[in-house]
**Student:** 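Input: one structure, supplied below.
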Amino acid sequence: MPGAPTDPRRLALGLLANVLQRGQPFDEALAGSRGVAGLEARDRGFLRLLLATTLRRLGQIDAAVDSLVQRPLPRHPAELRDLLRLGAAQLLFLGTPPHAAVSTSLALAETRKLRGFKGLINALLRRLAREGEAILASQDAERLNLPPWLWDRLVAAYGEAPTRASVAVQLGEPPLDLSLKAGGEAAAWAERLEAEILPTGSLRRPAAGGDVTALPGFAEGAWWVQDAAAALPARLLGPVAGQRVADLCAAPGGKTAQLAAAGAEVIAVEVSRARLARIAENLKRLGLAAALVEADATAWQPPEPLPFVLLDAPCSATGTLRRHPDVARLKSPKDLPALTALQDRLLERAAAALAPGGTLVYATCSLLPEEGPERIARLLGEGAPLARRPVAPEEVGGLGELITAEGDLRTLPCHLAARGGLDGFYACRLTKSG
Ligand SMILES: C[S@@+](CC[C@H](N)C(=O)[O-])C[C@H]1O[C@@H](n2cnc3c(N)ncnc32)[C@H](O)[C@@H]1O
C-alpha cells in the first residue's frame, strides 16, 4: 500500500537519505535494512532499481526539477528534494505511468513532514510527466551525471570521447558476469545459463537483477559473480598451479577463488574479520580452499618470500560506478591522498613479500591515474628492485585496446560497449630482479 512501512517507495526515501544525507554506501544501506529484507522479490527488485537509477541519474534529475521552479527549492526538509528525485526517476527513466508516479509520491508526502508541500509536489511531477521528454532531450546526460571534478580528471586522462562513452555505459544497469570454476566447460554452462562467452572467457547474462542464487550451478558452486574486467588481473600472474600465491586485500574473494580454481596454494589476507568470513562462505560454496589470514597487509609478512603476489588495493572504486552508483556522490578528491598513501604502503609490503624472480600484480578498480600508473611510477622511481613485464593481447582475450603503451592493463567502461561494457580496472605486472 502506498505510504505503508512496507511500501518500497517509502523504504527508498529513507535509504536515499541514508546514502545522500548520511554518506552510507548504497550496498550497505540496502543490506542493513530490515524493511528491504522483508519485501517480496519483485518489490525488492523495483526498490533496488529505483534507488540505483536515482543515484546514477541524480545530476539530470536535479537539473530537470530545478528547470521547472522559479525560485530554488527549500533546502528543508531534505526529504522534499529526495521525494521529488524518486518521483522524477520513475517518470523520466523507469517508465512508471504518470498517474502512478504522482499518486504514490503524494501518498508518501502524506506520511512525512511534507503535507504542506503536496501542491508543489503535484504540480512539479505533473509538469515533469508532460515536459520530461523535451527536458531530457536538451540535457547533456554524461556531463550532468558525473561530478565535475571526476569528469575533468577522466577527460584529462582518456580524452572526451572515451569519457563520454564510458559514462554512457555506467548510466545503465550492469550485465551479470560469471567466472566458471572449470573454464573448460564454458560452452555447456553458457547454454544452461543463457549466457554469452566473452572474448576474455567470462560468461555474460544480459542484465543483472533477479535472484542469482536461483540460477543453475549456484548451489553446486560451478561459478561465482565477477565482472569480466575484475577477472583479468589474477590471470596476469600466469600459470600458478601448485604455487604459493598471496592474495592481499582479498575479500569478498573473487580473485582468491580464481587462483584456488587454477590450482594455486592461496594465502588470502584481509583486514576485515566480517569480510574474511565472506571469503570463507564463498569458498565453501565453491568447494575451493585457501589459507585465510586476518591481517593488515601493510604489516603482514609471509613466513618465506613468495613466487607470486596479487595486490587488489582499496581505491576510489570509480571504475565500478554502474554497480556502485553512490561512489560518484560519496567520493571526492579529498579522499584520494589517504587512498594513494595506503596504496603506496601496500605496494611496498607486497614487493617485500616477493622472492627474487617472483611476479607481483597490482590492481585497482579505479579510473584515476593517481591510483594506477602513478603509484607504479612512484614505486619504480624510488628504486624498488622490480621491472614491468608488459601484458600481451593474448592474455586478455586478444583485446589489444585494453593494454596501455607501457604494457599495463587498463579497462574502461566503454570497452566492449556493444556487448554491455566492462568495469574500469587497472593492473600492472612487475617482476622482482635477482
Ligand atoms: C577492492 S577490495 C578487494 C576485492 C577482492 N580482491 C576480490 O577480488 O574479491 C579491497 C579489500 O581490501 C580490504 N583492505 C583494506 N585495507 C586493507 C589492509 N590494510 N589490509 C588488508 N586488507 C585491506 C578491504 O576490507 C576490502 O575487502
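Residues take their numbers from the sequence shown, with the count starting at 1. Just so it is clear, the structure is predicted and the values come from calculations on it, not from any experiment. Heavy-atom basis, side chains included; hydrogens, waters and symmetry copies ignored.
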**Student:** Quick one: do R429 and E395 make a salt bridge, cutoff under 4.0 Å?
**Tutor:**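 Here R429 pairs with E395 in a salt bridge, since their nearest N and O are under 4.0 Å apart.
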
**Student:** For L55 and L16, which heavy atoms make the closest approach, and how far apart are they?
**Tutor:**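 Where L55 meets L16 most closely, the heavy atoms are CD2-CD1, 4.0 Å.
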
**Student:** Could you go through L386 and L354, starting from their C-alpha distance and side-chain angles, then the distance that decides it, and tell me whether this counts as side chain to side chain contact (heavy atoms under 4.5 Å, CB included)?
**Tutor:** CA-CA 10 Å; L386 295 159; L354 209 58; 4.1 Å; yes

**Student:** Do the side chains of R378 and E382 get close enough for a salt bridge, i.e. N-O under 4.0 angstrom?
**Tutor:**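 Salt bridge flag = yes for E382 with R378.
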
**Student:** Strictly below 4.0 Å, N to O, side chains only: are R388 and E406 in salt-bridge contact?
**Tutor:**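 Yes.
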
**Student:** Compare all side-chain heavy atoms of D408 with those of I403 and state whether any distance is below 4.5 angstrom.
**Tutor:**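 Not in contact.
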
**Student:** Mark yes when over 12 heavy atoms from residues, nucleotides or ligands other than E348 sit less than 6.0 Å from its CD; otherwise mark no.
**Tutor:**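 Yes.
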
**Student:** Between N282 and L288, is a side chain to side chain contact (heavy atoms under 4.5 Å, CB included) present by the stated rule, with each step listed?
**Tutor:** CA-CA 9 Å; N282 288 335; L288 294 168; over 6 Å; no

**Student:** Just by modelled atom types, is the L30 backbone N or O under 3.5 Å from a matching donor or acceptor in the S33 side chain?
**Tutor:**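 Checked: no pair found.
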
**Student:** If you measure from CG on L178 to CG on L180, what distance do you get to the nearest 0.5 Å?
**Tutor:**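 Those atoms lie 7.5 Å apart.
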
**Student:** Contact between W223 and L193 at the side-chain level, heavy atoms closer than 4.5 Å - yes or no?
**Tutor:**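 SC-SC contact between W223 and L193 confirmed.
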
**Student:** So does K284 have more than 12 non-hydrogen atoms from other groups sitting under 6.0 Å from NZ?
**Tutor:**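 Atom NZ in K284 is not crowded, with 12 or fewer foreign heavy atoms closer than 6.0 Å.
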
**Student:** A quick test of your reading: do over 12 heavy atoms of other residues, nucleotides or ligands sit less than 6.0 Å from CD of E131?
**Tutor:**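 Counting other residues, nucleotides and ligands, CD of E131 exceeds 12 neighbours.
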
**Student:** When you compare the side chains of E371 and S316, does any donor N or O come within less than 3.5 Å of an acceptor on the partner?
**Tutor:**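 Yes, a side-chain donor-acceptor pair sits under 3.5 Å.
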
**Student:** CG of L120 to CG of L114: how many Å apart, nearest 0.5 Å?
**Tutor:**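 Result: 10.0 Å between the selected atoms.
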
**Student:** Under the criterion salt bridge (Lys or Arg N to Asp or Glu O under 4.0 Å), which of R48, R323, R205 is the partner of E173?
**Tutor:**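 Exactly one candidate clears the test, R48.
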
**Student:** Please determine whether salt bridge (charged side-chain N to carboxylate O under 4.0 Å, His left out) holds for the pair R345 and D296, giving the CA-CA distance in whole Å, both sets of side-chain angles, and the decisive distance to 0.1 Å.
**Tutor:** CA-CA 11 Å; R345 293 208 308 281; D296 181 340; 5.9 Å; no

**Student:** Whether the side chain of D326 engages the backbone of F26 through a donor-acceptor N/O pair (distance < 3.5 Å, no angle test) should be reported.
**Tutor:**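 Yes: the side chain of D326 pairs with the backbone of F26.
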
**Student:** Find the distance between CG (L259) and CZ (F308) and round it off to the nearest 0.5 Å.
**Tutor:**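 These two atoms lie 10.0 Å from each other.
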
**Student:** Answer with yes or no whether the side chains of N122 and R126 bring together a donor and an acceptor at under 3.5 Å.
**Tutor:**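 The criterion, which ignores hydrogens and geometry beyond distance, is satisfied for N122 and R126.
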
**Student:** When rounded to the nearest 0.5 angstrom, what distance separates OG1 in T53 from CG in L94?
**Tutor:**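 If I round to the nearest 0.5 Å, the distance is 4.5 Å.
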
**Student:** Is the shortest heavy-atom distance from the side chain of L292 to the side chain of L283 under 4.5 Å?
**Tutor:**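 Yes, close enough: below the 4.5 Å cut-off.
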
**Student:** Between Y362 (side chain only) and R375 (backbone N and O only), is there a donor and an acceptor less than 3.5 Å apart?
**Tutor:**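 A pair under 3.5 Å: no.
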
**Student:** Kindly indicate whether the side chain of V65, heavy atoms from C-beta on, has any atom under 4.5 Å from the side chain of L128.
**Tutor:**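 Yes, side chains in contact.
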
**Student:** Please determine whether side chain to side chain contact (heavy atoms under 4.5 Å, CB included) holds for the pair L402 and L412, giving the CA-CA distance in whole Å, both sets of side-chain angles, and the decisive distance to 0.1 Å.
**Tutor:** CA-CA 8 Å; L402 310 189; L412 294 175; over 6 Å; no

**Student:** List the atom of C249, the atom of L311, and the distance in Å for their closest heavy-atom pair.
**Tutor:**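 In terms of heavy atoms, the two residues are closest at SG-CD1, 4.0 Å.
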
**Student:** Below 4.5 Å, heavy atoms only, C-beta onward: do R56 and L321 meet side chain to side chain?
**Tutor:**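 A side-chain contact under 4.5 Å is absent here.
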
**Student:** Testing the basics here: between V269 and A295, what is the closest heavy-atom pair and its distance to 0.1 Å?
**Tutor:**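 Looks like CG1-O, 3.7 Å.
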
**Student:** Could you report the tightest heavy-atom contact between G217 and W189, atom names first, then the distance?
**Tutor:**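 G217 and W189 have their closest heavy atoms at CA-CH2, 3.5 Å.
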
**Student:** Within a 6.0 Å radius of atom CZ on R285, are there more than 12 heavy atoms belonging to other residues, nucleotides or ligands?
**Tutor:**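 It does: R285 CZ has more than 12 such atoms within range.
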
**Student:** Salt bridge check, E196 against R204: does any charged N sit closer than 4.0 Å to a carboxylate O?
**Tutor:**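 Not counted as a salt bridge, because no side-chain N and carboxylate O are separated by less than 4.0 Å.
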
**Student:** Could D140 and R164 be called an ion pair, given the rule that one side-chain N must be under 4.0 Å from one carboxylate O?
**Tutor:**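 Looking at R164 together with D140, the answer is yes, because their closest N to O distance falls below 4.0 Å.
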
**Student:** Look at atom CD of E40 and say whether more than 12 heavy atoms of other residues, nucleotides or ligands are closer to it than 6.0 Å.
**Tutor:**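 Not more than 12 within 6.0 Å, no.
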
**Student:** Quick check against the 3.5 Å criterion: does K255 have a side-chain atom that pairs as donor or acceptor with the backbone of A250?
**Tutor:**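 Checked: no pair found.
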
**Student:** Can you name the closest pair of heavy atoms from A129 and L91 and give their distance?
**Tutor:**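 Looking at all heavy atoms of both residues, the shortest contact is CB-CD2, 4.0 Å.
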
**Student:** Looking at CD of Q343 and CG of L336, how far apart are the two atoms once the value is rounded to the nearest 0.5 Å?
**Tutor:**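 Interatomic distance, Q343 CD to L336 CG, rounded to 0.5 Å: 8.5 Å.
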
**Student:** Do the charged groups of R85 and D82 touch, with an N to O distance under 4.0 Å?
**Tutor:**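 Yes, charged N to carboxylate O under 4.0 Å.
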
**Student:** What I'd like to find out is whether the side chain of L50 reaches to under 4.5 Å of the side chain of P8, using heavy atoms alone.
**Tutor:**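 SC-SC contact between L50 and P8 ruled out.
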
**Student:** From D62 CG over to S67 OG, what is the distance, rounded to the nearest 0.5 angstrom?
**Tutor:**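 It is 11.0 Å, given to the nearest 0.5 Å.
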
**Student:** Report yes if some heavy atom in the side chain of V309 is under 4.5 Å from a heavy atom in the side chain of L237; otherwise report no.
**Tutor:**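 V309 does not reach L237 side chain to side chain.
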
**Student:** Give a yes or no on whether the backbone of C414 and the side-chain of S166 come within a donor-acceptor separation of less than 3.5 Å.
**Tutor:**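 Pair found, side chain donor or acceptor close to backbone of C414.
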
**Student:** Are the side chains of Q226 and D177 in touch, meaning some heavy atoms are under 4.5 Å apart?
**Tutor:**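 Counting from C-beta outward, Q226 and D177 never come under 4.5 Å.
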
**Student:** Any idea which heavy atoms bring R143 and D152 closest together, and the distance?
**Tutor:**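 R143 and D152 have their closest heavy atoms at NH2-OD1, 4.3 Å.
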
**Student:** What's the verdict on side chain to side chain contact (heavy atoms under 4.5 Å, CB included) for L68 and I135, showing C-alpha distance, side-chain angles and the deciding distance?
**Tutor:** CA-CA 10 Å; L68 297 179; I135 295 173; 4.0 Å; yes

**Student:** With a 4.0 Å cut-off, would you call E370 and R153 a salt bridge?
**Tutor:**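 Judged by the 4.0 Å cut-off on N to carboxylate O distance, E370 and R153 do form a salt bridge.
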
**Student:** Indicate whether any N or O donor in one side chain lies under 3.5 Å from an N or O acceptor in the other, for T320 and D423.
**Tutor:**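 There is no such pair (donor and acceptor under 3.5 Å, judged by atom type) between the side chains of T320 and D423.
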
**Student:** When you measure from the side chain of E401 to the backbone of H415, do you find a donor-acceptor pair of N or O atoms at a distance under 3.5 Å?
**Tutor:**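 Between the backbone of H415 and the side chain of E401 there is no qualifying donor-acceptor contact (under 3.5 Å).
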
**Student:** Evaluate the side chain to side chain donor-acceptor pair (under 3.5 Å) criterion for residues R9 and T104: first the C-alpha distance (whole Å), next the side-chain angles of each, then the deciding distance (0.1 Å), finally the verdict.
**Tutor:** CA-CA 8 Å; R9 290 175 175 87; T104 52; 3.3 Å; yes

**Student:** Tell me if a side-chain donor or acceptor on R235 pairs with a main-chain N or O of T200 at a distance below 3.5 Å.
**Tutor:**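 Looks like yes, one N/O pair under 3.5 Å.
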
**Student:** Measure centre to centre between the rings of W224 and F218, then say whether the value is under 6.0 Å.
**Tutor:**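 For W224 and F218, the ring centres are not under 6.0 Å apart.
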
**Student:** Return yes if some donor-acceptor pair links the side-chain N/O of T163 with the main-chain N/O of G159 below 3.5 Å, else return no.
**Tutor:**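 A pair under 3.5 Å: yes.
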
**Student:** Classify the side-chain pair R410/T404 by whether it contains a donor and acceptor separated by less than 3.5 Å.
**Tutor:**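 Short answer, no.
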
**Student:** Given 3.5 Å as the limit, does a donor-acceptor pair link the side chain of R322 with the main chain of G172, or not?
**Tutor:**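 A pair under 3.5 Å: no.
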
